[in-house]
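For reference, the structure is listed below as structure tokens.
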Amino acid sequence: MQLDAAAVAKRSAWQRLRAGLHLLIVSDVTPGRLGAAVALGVLFGCSPFFGFQFVLALMFAVPLRLNKLAVAIGTQVSTPPLTPFIVFAGANLGELILHHRLLPLTVGAIRALPPKQLAGQFLLAWTVGGLTLGVLLGAIIGAAVAVGARFYRARYAGRAEV
């Protein structure tokens, strides 16, 4: 049975991805530092600094000597299918922290506010809430990565490639 070129290309891409993740997990980085790197990426991935999230995360990763690939992977928490949920959760969390209420996200409430006031109110809430959400999600995901890396290393110790 022959495989078509697309199936071979997909399979080899999947194998390359698995091999790359394997090398990242079994590299000389400790599981705790690997989790911290992902957590830092998640923190900036939840921030409202779209377009600068990756650059800002790397600016912090370099002096902290964290794995830059793991940080980059962590910033992907805000990929387009998840972005609206991250923004909505961050803005509402910020509004809850700042004013002890949820954002009035109805069409009428949005039309009633002048655009400048709406942007100012929303941006402040999103900044506070996004960073708070980033810390919470970063801690959870970073801890899960550290535990998973520790488990993976124990299970696959001594294997050259998976």
Is there a chain of hydrophobic side chains (I, L, V, M, F, W, Y, each step under 4.5 Å between heavy atoms) that links V77 to L24?
yes
Could you check whether any side-chain heavy atom of C46 comes within less than 4.5 Å of a side-chain heavy atom of L137, counting everything from C-beta outward?
yes
If two hydrophobic side chains count as joined below 4.5 Å and joins carry through other members, does F49 share a cluster with L123?
no
Heavy-atom distance under 4.5 Å between the side chains of K68 and V62, does that happen here?
yes
Strictly by side-chain hydrogen bond (donor to acceptor under 3.5 Å, both in side chains), give each pair with a member in residues 34-58 just once, sequence neighbours left out.
Q53-S78
Would you mind telling me which of L64, V42, L40, V38 makes a side chain to side chain contact (heavy atoms under 4.5 Å, CB included) with V71?
L40
Taking atom CG of L43 and atom CD1 of I141, what is their separation to the nearest 0.5 Å?
11.5 Å
Please find the pair of heavy atoms, one from A37 and one from A70, that lie closest to each other, and give the distance.
CB-CB, 3.6 Å
Going by ring pair (Phe, Tyr, Trp, His ring centres under 6.0 Å), name the pairs with one or both residues in residues 72-121, residues two or more places apart or in two chains.
none
First locate atom OG1 of T132, then atom CG of L96, and finally report the distance between them rounded to the nearest 0.5 Å.
10.5 Å
Is it true that a side-chain atom of R33 and a backbone atom of N67 form a donor plus acceptor pair closer than 3.5 Å?
no
Nearest heavy-atom pair of A57 and T75: which atoms, and what distance?
CB-CG2, 3.9 Å
Checking N92 side chain against L103 main chain: does a donor-acceptor pair fall under 3.5 Å?
yes
What about L131 and F52, same hydrophobic cluster or not, with Ile/Leu/Val/Met/Phe/Trp/Tyr joined at side-chain heavy-atom distances under 4.5 Å?
yes
Identify the heavy atoms of G129 and L93 that sit nearest to each other, and give their distance.
O-CD2, 3.7 Å
Residue pair A125 / A91: nearest heavy atoms and the distance that separates them
CB-O, 3.5 Å
Do V135 and V128 share a hydrophobic cluster (ILVMFWY, side-chain heavy atoms under 4.5 Å, transitive)?
no
If you look at every heavy atom in L133 and A89, which pair is closest and at what distance?
CD2-CB, 4.0 Å
Is there any ring pair (Phe, Tyr, Trp, His ring centres under 6.0 Å) pair reaching into residues 103-138, and which pairs are they, with sequence neighbours excluded?
F50-W126, F122-W126
Hey, could you give me the CG/CZ distance between L34 and R153, rounded to the nearest 0.5 Å?
7.0 Å
Could you identify which residues cluster with F54, counting Ile, Leu, Val, Met, Phe, Trp and Tyr as linked when any side-chain heavy atoms lie under 4.5 Å apart, either directly or through a chain of such contacts?
L58
Those residues at least two apart in sequence (or on a different chain) that pass side chain to side chain donor-acceptor pair (under 3.5 Å) with R65 are none
Evaluate the side-chain proximity of P84 to I86: yes if any heavy-atom separation is below 4.5 Å, no if none is.
no
Listed by chain and number, what are the ring-ring contact (aromatic ring centres under 6.0 Å, His included) partners of F60, not counting sequence neighbours?
F44
Check for me, please, whether I73 and L66 land in the same ILVMFWY cluster - side-chain distances under 4.5 Å, paths through other members count.
no
